[in-house]
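These notes are about the structure you will find just below.
Note on naming: letters A, B, ... go to the chains in the order of the sequence lines (proteins, then strands), and numbering restarts at 1 for each one.
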Number of protein chains: 2
Amino acid sequence: MRAAGRVSISDVAADAGVSISTVSAALNDVGSARISPRTRDRIREVAGRLGYVPNGLAQGLRRQRSGMVGFIGDEVATTPYAVGMILGAQETLRAAGILMVLMNSQGDPALEAREIEALRQQRVEGILYASMYHRRLEPPAALRDMATVLLDAESRVPEVSWVVPDEVAGARAAVGELLAHGHRRIGFLNNDEDIPAARLRLRGFRAAMKQAGVAVDPALVGGAPPTTSGGYDAARRMLQRADRPTALFCFSDLMAMGVYQAARELGLDVPADVSIVGYDNMPHVADGLLPGLTTVELPHYEMGAWAAGQLLALISAEPGQARHVRLRGQLVRRGSVAVPRPIGG
Amino acid sequence: MRAAGRVSISDVAADAGVSISTVSAALNDVGSARISPRTRDRIREVAGRLGYVPNGLAQGLRRQRSGMVGFIGDEVATTPYAVGMILGAQETLRAAGILMVLMNSQGDPALEAREIEALRQQRVEGILYASMYHRRLEPPAALRDMATVLLDAESRVPEVSWVVPDEVAGARAAVGELLAHGHRRIGFLNNDEDIPAARLRLRGFRAAMKQAGVAVDPALVGGAPPTTSGGYDAARRMLQRADRPTALFCFSDLMAMGVYQAARELGLDVPADVSIVGYDNMPHVADGLLPGLTTVELPHYEMGAWAAGQLLALISAEPGQARHVRLRGQLVRRGSVAVPRPIGG
DNA sequence: GTGAAAGCGCTAACAG
DNA sequence: CTGTTAGCGCTTTCAC
């Protein structure tokens with residue numbers, strides 16, 4: 001009872017009065033072997049009645065394909081929002097009949113090496129290597145000979161495929177929304193860390209402003225730690241200026257959350273006095289704020305799905321050129337953007 | 001190159017000049033077979049040099065143990081905060097050398113059945129069946145003959161083990177914190193859904209008040225949807241009363257977030273005018289609010305770890321009495337609780 | 001101390 | 001149309 005799937009192919013064969021190869025052929029719909037419809041149906045019936053479930057380990061051993069891939073995350077647990085990647089990957093793999101083994105390296109290279117070893121031992125057919133935030137990295141050496149796709153990370157070596165968010169497009173969409181509402185004095189509260197997302201979103205900000213023919217006031221572009229209090233502090237400074245911006249684009253929803261606080265303390269209404277756009281579309285943050293935060297979504301699910309699809313392609317088709325993709329996230333409109341009201345008006 | 005682990009035990013045997021059984025015995029430290037230290041070391045050296053990784057599928061087939069368990073979640077993706085459960089389970093399993101296959105049923109029973117079938121086929125040794133929130137359920141029939149542990153769910157049938165948060169203790173801790181600061185007029189903003197968490201936290205609230213000899217004013221106990229705006233609306237009503245509470249215990253951090261907003265709009269300072277305790281310790285919400293929210297943590301990680309441990313026990317020891325556990329979450333103190341100030345004083 | 005042989009459950013030629 | 005055979009890579013008695 002405890003041991004599931006006790007019945008084997010030979011039990012089915014015995015009960016159906018045929019050989020095991022016939023059972024195998026019948027159940028796998030092998031084209032070459034012409035099984036009579038009658039026997040085939042009988043075998044199917046017996047298999048169903050006995051509750052036969054083929055042994056995947058034996059199949060894998062014989063076919064030299066385990067039917068599994070590994071998912072290695074560095075600190076997925078500390079960035080709960082990235083679960084969309086896991087979900088996207090899992091659903092894509094499921095559709096292909098592939099199981100996903102989940103591992104967590106906690107950013108510890110030694111542990112990661114052991115995990116890769118364990119996955120290799122189980123003969124996973126490929127690896128999804130996920131980063132908790134968009135960055136550039138060198139895939140671990142142990143992955144050199146495995147089909148690998150990087151998720152939310154760019155590779156330093158070109159031979160490996162990866163997918164990341166399109167940060168420039170995201171920032172453009174955010175700033176575009178503000179411009180479309182008539183804002184001209186638009187500030188940007190960036191993350192002060194030197195990471196791709198910060199550099200690229202700044203580029204998107206500048207590009208959008210330039211395209212609209214609006215000059216960027218350097219005083220309105222600032223960096224801060226990407227936290228609520230980082231956003232709060234920076235916003236207090238920026239919103240107390242005489243020539244304060246009418247709108248603020250924030251690197252993250254968390255920073256935007258701090259901006260809400262600061263604005264409220266300064267007697268400024270969101271969005272009547274100051275419009276805000278965030279980034280990330282963090283569940284329970286962006287939609288939990290009052291008013292709801294207009295923000296740019298990170299395409300976690302889509303990235304996971306794309307990476308899994310690319311991995312499947314890598315596994316089946318032998319060579320396969322590496323592919324590098326930047327996926328767009330939607331602008332999610334809520335209530336934090338309005339038409340500007342003349343300052344002091 | 002693509003196919004990892006190409007070298008097999010016979011390659012190692014050939015290179016070392018011994019039989020494959022000797023290699024197996026040497027590598028697995030079989031006690032019964034006395035291998036000379038010299039040959040053993042040589043075998044080890046060769047295995048290392050050749051990069052031999054035993055084939056887990058073959059081992060599993062032979063040993064009748066796959067070394068894998070399945071994790072089925074209903075909607076993990078929509079409750080990002082529950083990833084702690086996954087992490088806790090994975091780390092416990094890893095320590096035991098067991099891999100975890102992740103599945104997502106999206107709450108669709110048909111899909112779930114197919115996933116269980118796939119796991120059964122791969123001969124997983126047990127199943128972790130996780131719910132996205134604390135509730136009571138009937139484990140799927142397909143799990144009847146498998147080692148199963150329910151995570152964040154109570155079972156309607158007694159034979160299956162489960163672990164849930166200790167809601168009563170959590171609520172008591174929350175209210176105790178308020179009482180310890182001298183609050184007497186304490187309100188409770190509960191979830192208005194009929195779920196175990198709501199019933200049990202209310203019980204904990206009452207128990208704590210009773211133990212402190214403080215009467216519960218029914219007017220200060222209210223239910224609302226467990227969202228930010230639910231908390232906002234309820235708090236506006238409650239905080240506008242002449243005899244408003246000096247402290248509010250909220251069913252969730254999300255509701256507490258709404259309470260912050262309402263309090264601020266009413267010109268009430270947190271925590272000077274009104275103290276607040278939440279529940280969940282949601283990352284980026286509880287610690288993102290200003291001031292930081294004092295709240296009761298949900299022991300996601302611990303529940304995952306416990307469930308995995310119990311599953312391992314079930315797998316190794318045959319019979320194994322089912323166990324049912326309620327795990328306590330810590331009270332996390334931040335800045336939302338202060339000594340009450342006399343109303344109108 | 002070590003090796004030969006059997007077999008875990010399955011698939012894929014190849015015979016018939 | 002169906003059965004026989006030969007492994008996939010490993011562990012485990014049991015001989016020697």
Round to a whole Å and report the spacing from CG of A/L27 to C1' of C/dA12.
16 Å
Sugar-phosphate only, base, or nothing, as touched by B/I20 at under 4.0 Å among non-hydrogen atoms
base
When rounded to whole Å, the CG to P distance for the pair B/D41 and C/dG1 reads 14 Å
Separation of atom CG in B/N28 from atom C1' in D/dT13, rounded to whole Å
15 Å
In numerical order, the residues of residues 58-69 of chain A whose heavy atoms come under 4.0 Å of DNA chain C are A/A58, A/Q59, A/R62, A/R63
Could you give the angle between the helix axes at the two ends of the helix from C/dG1-D/dC16 to C/dG16-D/dC1, with five pairs per end, rounded to 10 degrees?
50°
Is there side-chain contact between B/L150 and B/V163, with heavy atoms separated by less than 4.5 Å?
no
Between B/V18 and A/P54, which residue's closest nucleotide on DNA chain C lies nearer the 5′ terminus?
B/V18
So what does A/S36 hit on the nucleic acid, given a heavy-atom distance under 4.0 Å: a base, only sugar-phosphate, or nothing?
sugar-phosphate
Min side-chain heavy-atom separation A/I116-A/P140 under 4.5 Å:
yes
Between A/E91 and A/L87, is there a side-chain heavy-atom distance shorter than 4.5 Å?
yes
Rounded to whole Å, how long is the line connecting atom CG of A/N55 with atom P of D/dC10?
17 Å
Quick check: any donor-acceptor pair below 3.5 Å linking the side-chain of A/S24 to the base of C/dA12?
no
Can you tell me how far C1' of D/dG9 sits from CZ of A/R123, to the nearest Å?
9 Å
Could you tell me whether the side chain of A/Q122 reaches within less than 4.5 Å of the side chain of A/S66, counting heavy atoms only?
no
At what distance, to the nearest 0.5 angstrom, does OG1 of B/T148 lie from CG of B/L143?
3.5 Å
Looking just at side-chain N and O atoms, do A/E112 and A/Q106 make a donor-acceptor pair shorter than 3.5 Å?
no
Quickly work out the B/Q121 CD to C/dC10 C1' distance and round it to whole Å.
11 Å
Does A/S21 put a side-chain nitrogen or oxygen below 4.0 Å from OP1 or OP2 of C/dT11?
no
Name all pairs fulfilling the ring pair (Phe, Tyr, Trp, His ring centres under 6.0 Å) condition that reach into residues 142-162 of chain A, sequence neighbours left out, sorted by first residue then second.
A/W162-A/H324
Can a donor-acceptor pair be found, under 3.5 Å and without considering hydrogens, that links the side chain of A/R40 to the backbone of A/A25?
no
Measure from the side-chain heavy atoms of B/S8 and tell me the nearest of D/dC10, C/dC10, C/dG3.
D/dC10
Does D/dG9 have OP1 or OP2 under 4.0 Å away from a side-chain N or O of B/S10?
no
Assert: residue with more 5' nearest nucleotide on DNA chain D, out of B/L57 and A/S19, is A/S19
Would you indicate whether the side-chain heavy atoms of B/Q310 and B/L314 approach each other to under 4.5 Å?
yes
